[in-house]
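Everything on this sheet refers to the single structure shown next.
Positions are given from 1 along the sequence.
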Amino acid sequence: MAFFGRNMKCNDKESKSKRRIEFFMTNVKKTLSVLLAFVLVLGTCMFSAFAAGTDTATIKVVPDKTTANVGDVITVSVKLDANYAVASTSAIVKFDTADFQLVEAPTVNKTLFGSELATDAVAYNDAEGVVGAYFVAKKGAEYKVQTDVVLFSFKLKALKANANAALTLPTEELKSTAKPDGKIYCGKGDTSDNIVEVPCTIALTNAAVNIGGGAVATPTIKGVGTGFVDEAKGFVYGVPAGTTTETALNALFTAENGTLRWEVGTASTLGGTGTTVTLVGTDGADVKTYTLVVFGDLNGDTIVDSVDAGIIDGSIFKMTTLDPAQEFAGDLNMDTLVDSVDSGIIDGSIFKMTTIEPNIYA
């Protein structure tokens with residue numbers, strides 16, 4: 001019995017120990033459950049906060065001067081701002097080779113991702129006015145937010161006066177699903193060695209240089225062939241009767257450091273007396289407007305006929321009043337008067353007895 005009793009006591013102690021262990025394990029499980037729930041909630045909150053964030057980047061062109069003279073060398077930097085850890089990026093800049101000449105090939109930031117060993121950087125350029133570079137993080141790279149960091153820089157020589165010589169990051173080169181081969185992008189990196197390129201909003205900031213030290217070369221209009229510009233009177237002439245297209249008019253007049261804009265004006269048909277041509281500067285501003293005179297054409301229809309002779313006759317008898325362009329077009333014998341002699345010259349040209357040259361003053 002004594003032995004049995006000792007066994008009973010032993011069994012009772014073992015039972016108590018088991019109950020204590022079970023109680024402890026139960027409490028541990030409850031604690032772990034609570035901690036796990038807390039971690040899940042915290043993780044969900046953090047994920048939600050991260051997912052709600054917006055990945056944005058800005059790539060910008062920054063010249064070291066925005067006003068230059070012809071012959072000056074300009075250093076152009078391409079910079080990046082991103083609010084997320086960057087693992088790859090690329091950009092190209094375009095310029096007009098009539099405005100600039102590339103005199104120093106692009107130099108890249110070889111430590112963009114922490115060191116040269118961690119940064120794969122390649123620059124390129126071509127003869128068509130394109131300069132670019134791309135960067136890819138390698139193993140051991142530092143994925144970090146990039147703030148106003150220079151990606152690459154290059155040097156251009158100013159070639160001609162231009163108040164708005166553009167340096168452009170072309171939007172058509174933005175990489176997207178629709179354009180997977182786009183040359184402008186900014187990929188996001190994770191915490192491993194893998195590069196994860198995700199869609200993000202990229203803003204592009206272009207620049208321009210005023211070449212000429214603030215002064216633009218003076219636009220001028222010049223005559224070609226029979227075309228002649230009379231600056232004093234504000235007339236252009238030397239256009240054959242019957243010329244009605246802008247192409248034909250531009251063959252007789254050309255603009256330097258600007259462009260020409262033709263309009264009907266007071267004429268009845270483009271190319272007739274009263275047509276206007278405006279010289280426009282490279283900055284888009286109108287410089288001067290000239291009036292076209294076609295000798296013998298007083299009604300502005302580009303044709304010399306009896307109607308024009310009738311207008312002269314009407315002016316002689318004070319039935320009509322001629323404007324300055326009509327007076328110049330009607331004075332065919334160049335005596336400063338518009339009279340019956342001039343209407344007779346028109347009548348003679350109708351019957352092929354006389355010829356009215358495009359530029360009677362030549």
Side-chain angles (χ1 to χ4, degrees), residues 161 216-309 311-312 315 320-350 352-362:
V216 181
T218 304
T220 56
I221 178 173
K222 292 185 177 182
V224 179
T226 59
F228 185 82
V229 180
D230 189 329
E231 290 288 351
K233 291 183 173 65
F235 293 146
V236 293
Y237 50 86
V239 176
T243 302
T244 59
T245 68
E246 189 170 326
T247 300
L249 292 170
N250 282 331
L252 295 170
F253 300 94
T254 184
E256 292 185 359
N257 302 311
T259 56
L260 300 178
R261 184 179 71 245
W262 294 91
E263 296 173 292
V264 173
T266 59
S268 57
T269 303
L270 184 73
T273 295
T275 294
T276 62
V277 58
T278 301
L279 176 62
V280 183
T282 55
D283 58 355
D286 292 354
V287 177
K288 184 175 181 178
T289 297
Y290 302 80
T291 300
L292 174 64
V293 171
V294 177
F295 292 111
D297 172 32
L298 278 77
N299 69 338
D301 65 354
T302 78
I303 300 170
V304 179
D305 55 18
S306 59
V307 175
D308 302 300
I311 292 174
I312 291 177
S315 70
T320 58
T321 301
L322 304 180
D323 63 30
Q326 289 175 312
E327 287 183 348
F328 196 61
D331 180 21
L332 298 174
N333 66 342
M334 299 172 284
D335 65 353
T336 73
L337 301 175
V338 180
D339 53 23
S340 59
V341 175
D342 300 301
S343 64
I345 293 174
I346 290 177
D347 290 336
S349 70
I350 294 171
K352 311 297 182 183
M353 298 171 63
T354 58
T355 300
I356 300 174
E357 298 295 335
N359 184 356
I360 62 176
Y361 289 91

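For the pair Leu252 and Pro240, the tightest heavy-atom approach, listed with the atom from each and the gap, is CD1-CD, 3.9 Å. Summarising the geometry of Glu327 relative to Val338, their closest heavy-atom pair is O-CG2, 3.4 Å, with the distance given to 0.1 Å. Pairing each heavy atom of Leu260 with each of Asn250, the nearest pair is CD1-OD1, 4.0 Å. Of all non-hydrogen atoms in Thr291 and Ala325, the two that sit nearest each other are CG2-CB, 3.9 Å. The heavy-atom pair separating Thr278 from Thr289 by the smallest distance is OG1-OG1, 2.9 Å. Between Pro219 and Gly281, the closest heavy-atom pair is CG-CA, 3.7 Å.
A donor-acceptor pair under 3.5 Å is absent between the side-chain atoms of Lys288 and the main chain of Gly234, judged by distance alone. The closest donor-acceptor contact from the side chain of Ser268 to the backbone of Gly300 lies under 3.5 Å. At distances below 3.5 Å, not a single donor-acceptor pair connects side-chain atoms of Thr243 with backbone N or O atoms of Gly271. A donor-acceptor contact shorter than 3.5 Å is absent between the side chain of Thr269 and the backbone of Gly272. Side-chain atoms of Thr273 come within 3.5 Å of backbone atoms of Val294 as a donor-acceptor pair (strictly under, hydrogens ignored). Put simply, the side chain of Thr254 never gets that close to the backbone of Lys222: no donor and acceptor are under 3.5 Å apart.
Atom CG of Asp347 sits about 10.5 Å away from atom CG of Asp305, to the nearest 0.5 Å. Rounding to the nearest 0.5 angstrom, the gap separating the CE atom in Met353 from the CD1 atom in Ile345 is 12.0 Å. Between atom CD1 of residue Ile221 and atom CD of residue Glu231 there is a gap of 8.0 Å, rounded to the nearest 0.5 Å. Expressed to the nearest 0.5 Å, how far CD1 of Ile303 lies from CG of Asp297 amounts to 8.0 Å. How far CD of Glu357 is from CG of Leu332: 11.5 Å, rounded to the nearest 0.5 Å. Remark: Tyr290 OH to Leu279 CG distance equals 6.0 Å, nearest 0.5 Å.
Ser349 and Thr354 are not linked by any side-chain donor-acceptor pair at a separation below 3.5 angstrom, with hydrogens and angles left out of the test.
Between Phe295 and Tyr237, the two ring planes are perpendicular [angle over 60°; tilted spans 30° to 60°].
Here the rule is side chain to side chain contact (heavy atoms under 4.5 Å, CB included) with Asp342, and of Leu298, Asp308, Asn333 only Asn333 fits it.
If you look at Phe328 and Phe235, their ring centroids are closer than 6.0 Å.
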Are Leu249 and Val277 close enough, and set up right, to give a side-chain contact (heavy atoms from CB on, under 4.5 Å), and what steps lead you there? CA-CA 10 Å; Leu249 292 170; Val277 58; over 6 Å; no
Full working for side-chain contact (heavy atoms from CB on, under 4.5 Å) between Thr218 and Asn257: CA-CA 7 Å; Thr218 304; Asn257 302 311; 5.9 Å; no
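Side-chain contact check for Ile312 versus Ile346: some heavy-atom pair is nearer than 4.5 Å.
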